[in-house]
Student: 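One structure coming up, written as structure tokens, with questions to follow.
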2 protein chains.
Amino acid sequence: MIKMKDVAIKAQVSQATVSRVINGTSYVEPETRQKVLDVIAELGYKGNSAAKSLSSKKSSIIAVILPDIANPYFSEILSVIEDEAYQSGYEIIFMNSQGNNHKEKKLVENILKYSPAGVLISPLDANANYLKKFLENNIPVVTITTLSKNFSGVSVDHKVGGELLAKHFASLGHVNIGYIGNKDEKFQGFKEGLQNLNIPLKDENCIGFYNYSSGNLKELVFSSMEEYLKERKSLDFTAIFTGNDIVAMEVINFFREKGIKVPEDIAVAGFDNITFTSYLSITTVAQPVREIAFLAYERLMREIKNGEKDIEHLKILPRLIPRDTTLKKLI
Amino acid sequence: MIKMKDVAIKAQVSQATVSRVINGTSYVEPETRQKVLDVIAELGYKGNSAAKSLSSKKSSIIAVILPDIANPYFSEILSVIEDEAYQSGYEIIFMNSQGNNHKEKKLVENILKYSPAGVLISPLDANANYLKKFLENNIPVVTITTLSKNFSGVSVDHKVGGELLAKHFASLGHVNIGYIGNKDEKFQGFKEGLQNLNIPLKDENCIGFYNYSSGNLKELVFSSMEEYLKERKSLDFTAIFTGNDIVAMEVINFFREKGIKVPEDIAVAGFDNITFTSYLSITTVAQPVREIAFLAYERLMREIKNGEKDIEHLKILPRLIPRDTTLKKLI
DNA sequence: TTGAAAGCGCTAACAG
DNA sequence: CTGTTAGCGCTTTCAA
């Protein structure tokens, strides 16, 4: 690999001057500047990230930590971030926490070795202690999907999303309603939304589990549903809201195997609006993923380049996308 | 950030000794060794990648360059690689070529700055000249999905996959057959497979396009199909093989909009067996993605750690997964 | 406006 | 078995 010194010698200037024209850190006589540029092109000088990072104490690496890259929702996010980073001259170190808090902690520790310029993370626990390491090391962080009091972040208003679905179910005449998924913000919104409409959401109809990894999701969904069915003989609800679209697909799959028809016997709605829900015509709540990713990246850049330090929380409003799986009116 | 010297001082040894216990590069008296380890734990020493990489001239970074991370086929691959890398102490720099040769070239140049320990790439063009830079810089490369004469690689035998589908269509009695997608190896296998069964695959029924990015895929598929329909009034085939599952979904979508029923009016088969095809019950050819990714990573590790330099090409056999979209027999 | 020189934190001879 | 020392390629004072 050709280095600055090689360029310097060939351009008959000092290595410091080469550094200056590359980084624009101080004025260089246009002639020498051009000469250096020519030699750089001629020799195909590329630079050495390690050396640069070591002496400048900062890198052009952005760490991206996501809970489940196999979920299209997150791969779409990564896709947007990667391209933005590419266009602005950063590289992405990607890490997949797989819904595993222990792994996420390790990942955070590992990434510190690289002095990343910034971090984009969809944290499993927005208030986890190990996230504070970024604060201590003065590394800008923007959270995606979840908001943390310590960092800027961009998310969808999940609560509103839950409420939207509550209203949707209500408008279709459902009064016995179920839920399956993480008991998170959207669940809260859903529950409160139903309460405001005087529709009870019975605890025993809320099948909770905590999961991010799509690896064993099918098993998880199937065993949870089996267990539910074992306790009572049949479904005690006519509509079910699932934590996300993938869960919705699995639930529909489960119902299909059991001979339960969607939406004739039961209405199903998901959350996220990943591409594939449209093929299956699943009712869902759309998160503008690309916008979220873009806004998060943009915010991170402002923290990196302009040193903005105030904590900014963006909550984007989701919208309901009614499709076939909730087609049937009960009234 | 706490550094080796800090550890050395507190442990009352030289910095070199700390380096030795960390890297195990030479024997260290068990007592001193333990003392150093204790101090490392106490101080929470993490290390500095840039410094390590600069002085050792190698990094623990593995570059992963994929054509379309939004395609679940590739996100599954990334998921496997990331976890393997995590377990063996490497970090992933992820790059998305988006089916853009120009971008891929730039990515290859960019990654050289990091002296990656190795590269896993699903190249757009296996023989692209810029890939030789890895050879010049002595960086181990393993290709995924496509094989290159210059590097080791793991792929599915796409040709066999195409043949499998040819036989499948034939066994169902189809004689007028179409294709839509990249005119690649699986297309060749498909074509030859049909030829061997004395079924012609007319050129005008082969709708070719070159695409990797799922971004504008819908448009691409729809406009290609529209064009086809404009030229002749109706479909001149009873079964169509699509380049991959996502294309299959879009084609089915298109047919649905046109009121053409699948599989009643036309049979559709995809390729890849991404998770979502099972929900839609699309006939497809399964690529054992996780195995591919795992084998590629394993091979790369052997090149990195053991310096194996021979070129090894693994071709994994795909298998046909018949499902509902090709259910109907014509004979 | 430019060059010389001192590190950045670490690895890897080289002594002893 | 361990300490000393010389860089790795670059950024960044400090002078001139």
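Predicted model only: the values in this text are computed from it and were never measured.
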Student: Cation-pi check, A:K106 to B:Y86: give yes when NZ or CZ is under 6.0 Å from the six-membered ring centre and within 45° of the ring axis, no otherwise.
Tutor: no
Student: Using every non-hydrogen atom in the two residues, find where B:I111 and B:P116 come nearest and quote the distance to one decimal.
Tutor: O-CD, 3.3 Å
Student: Check whether any side-chain heavy atom of A:R290 lies under 4.5 Å from a side-chain heavy atom of A:F294, and answer yes or no.
Tutor: no
Student: Please give, in whole Å, the distance from D:dC8 C1' to A:I2 CD1?
Tutor: 16 Å
Student: Any non-hydrogen side-chain atom of B:T146 less than 4.5 Å from a side-chain atom of B:S155?
Tutor: no
Student: So which protein N/O to nucleotides 11-15 of chain D N/O distances come out below 3.5 Å?
Tutor:
residue : atom : partner : partner atom : Å
D:dT11  : OP1  : A:N23   : OD1          : 3.4
D:dT11  : OP1  : A:N23   : ND2          : 2.9
D:dT11  : OP2  : A:S19   : OG           : 2.7
D:dT11  : OP2  : A:N23   : ND2          : 3.3
D:dT11  : O4'  : A:S55   : OG           : 2.6
D:dT11  : O4   : A:Q15   : OE1          : 3.3

Student: Ignoring backbone atoms, test whether B:T17 places a side-chain nitrogen or oxygen under 4.0 Å from the OP1 or OP2 oxygen of D:dG3.
Tutor: yes
Student: Need to verify one output field. Residue with the more 5' nearest nucleotide on DNA chain D, A:K5 or B:R33?
Tutor: B:R33
Student: Strictly below 4.0 Å: does A:K57 bring a side-chain N or O up to OP1 or OP2 of C:dG9?
Tutor: yes
Student: So does A:E185 pair up with A:K315, basic N to acidic O under 4.0 Å?
Tutor: yes
Student: Whether A:T32 contacts C:dT2 is assessed here as follows: a side-chain N or O lying under 4.0 Å from the phosphate OP1 or OP2. Is that the case?
Tutor: yes
Student: Expressed in angstrom and rounded to an integer, what is the separation of B:I9 atom CD1 from D:dG3 atom P?
Tutor: 13 Å
Student: Between A:K3 and D:dG9, is there a contact of a side-chain N or O with OP1 or OP2 at under 4.0 Å?
Tutor: yes
Student: Quick test of your reading of the model: are B:E303 and B:K309 salt-bridged, counting only N-O distances below 4.0 Å?
Tutor: no
Student: In whole angstrom, give the distance that lies between atom CG of B:L112 and atom C1' of D:dG9.
Tutor: 16 Å
Student: What's the CG-C1' distance between A:L54 and C:dG7, to the nearest Å?
Tutor: 9 Å
Student: Rounded to whole angstrom units, what separation is found between the CG atom of A:N48 and the P atom of C:dC10?
Tutor: 16 Å
